[in-house]
S.K.: 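One structure, as structure tokens, below. Some questions next.
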Amino acid sequence: VKEYKVAILGAGGVGKTSIVTRFMNDTFSNVYIPTVGNHYTQLMKITGGEYYTLEIIDTAGAYEFPAMMDLSIRTSQAFVIVFAMNDKKTLDRALAFKQQVVDIKDREDIPIIFVGNKVDCGYDEMQVNPAETEAMVKINGYLYLEASAKYNINPKLIFSQLISQGLSIPLAD
Ligand code: GDP
């Protein structure tokens with residue numbers, strides 16, 4: 001069984017914990033094991049057959065401790081970078097997180113999926129342009145998905161797409 005260490009990054013309040021919780025509870029609640037400090041382990045089967053052990057680090061709350069954040073990035077091989085569709089500032093933060101990952105790993109070709117969460121927000125609340133954002137992140141070969149932890153849109157797809165991408169791009173050290 002291959003192991004993937006995935007860190008969830010993003011500004012406070014964008015829905016990181018909600019996405020992870022939704023993913024865990026709706027798909028494999030019987031096998032998820034919360035460990036110390038927002039650490040979860042999850043067995044996952046992707047389309048095509050193979051099983052993977054996903055170790056998910058929810059970095060919520062780690063921001064007061066930059067050294068801890070650095071360590072989470074250093075020890076993770078793939079990244080879910082979350083922002084909220086109804087808050088443009090969180091997209092800027094997401095891009096800053098991407099840069100931090102690239103700097104720490106010292107390479108660009110890292111399995112990363114950008115997630116525009118809270119896609120359920122009303123049209124009038126929408127501050128992020130989906131097509132522009134997708135085009136921007138895809139320049140670097142990164143993945144992009146919109147999601148709603150609230151309505152259970154795409155939490156599982158986030159992780160399966162990230163794993164599939166990890167099959168074609170070597171995982172970060
Ligand atoms: P975190 O700080 O990034 O871990 O964010 P949380 O998961 O704690 O969520 C922050 C707030 O956003 C909470 O009030 C959630 O209920 C809410 N939230 C999370 N996901 C969604 C979503 O998809 N849609 C909406 N409308 N609210 C959400």
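As a basis for the values below, the full set of heavy atoms in this structure was taken, side chains included, without hydrogen atoms, waters or symmetry mates. Remember, it's 1-based here, ligands and their atoms both numbered in the order they're listed.
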S.K.: Which of the atoms of ligand 1 are close to Ala11, meaning less than 4.0 Å from one of its heavy atoms?
M.R.: 3 (O)

S.K.: Is there a donor-acceptor pair under 3.5 Å between the side chain of Gln165 and the backbone N or O of Gly141?
M.R.: yes

S.K.: Do Asp70 and Gln100 have side-chain atoms, one donor and one acceptor, less than 3.5 Å apart?
M.R.: yes

S.K.: Measure the spacing between CE of Met68 and CD1 of Ile57 and express it to the nearest 0.5 Å.
M.R.: 9.5 Å

S.K.: For ligand 1, which part of Asp120 has a heavy atom less than 4.0 Å away: the side chain, the backbone, both, or neither?
M.R.: side chain

S.K.: Applying the side-chain contact (heavy atoms from CB on, under 4.5 Å) criterion to Phe97, which one of Ile81, Val82, Thr59 satisfies it?
M.R.: Ile81

S.K.: Are Gly10 and ligand 1 in contact, using a heavy-atom cut-off of under 4.0 Å?
M.R.: no

S.K.: Do any nitrogen or oxygen atoms of Ala147 lie less than 3.5 angstrom from nitrogen or oxygen atoms of ligand 1?
M.R.: no

S.K.: Give the numbers and elements of all ligand 1 atoms closer than 4.0 Å to a heavy atom of Thr17.
M.R.: 4 (O), 7 (O)

S.K.: Under 4.0 Å from ligand 1, counting heavy atoms only, is it the side chain of Val14, its backbone, both or neither?
M.R.: both

S.K.: Within the structure, is a non-hydrogen atom of Cys121 found at a distance of less than 4.0 Å from ligand 1?
M.R.: no

S.K.: Which of parallel (below 30°), tilted (30 to 60°) and perpendicular (above 60°) describes Tyr4 and Tyr52?
M.R.: perpendicular

S.K.: Should you measure from each heavy atom of Ser148, which atoms of ligand 1 turn up under 4.0 Å away?
M.R.: 23 (O)

S.K.: Do any N or O atoms from the side chain of Asn86 and from the backbone of Lys118 form a donor-acceptor pair under 3.5 angstrom?
M.R.: no

S.K.: Below 4.0 angstrom from a heavy atom of Lys16, which ligand 1 atoms are there? Numbered from 1 as shown, please.
M.R.: 1 (P), 2 (O), 3 (O), 4 (O), 5 (O), 7 (O)

S.K.: Do the ring centers of Phe83 and Phe114 come within less than 6.0 Å of each other?
M.R.: no

S.K.: N/O of Asp58 under 3.5 Å from N/O of ligand 1, yes or no?
M.R.: no

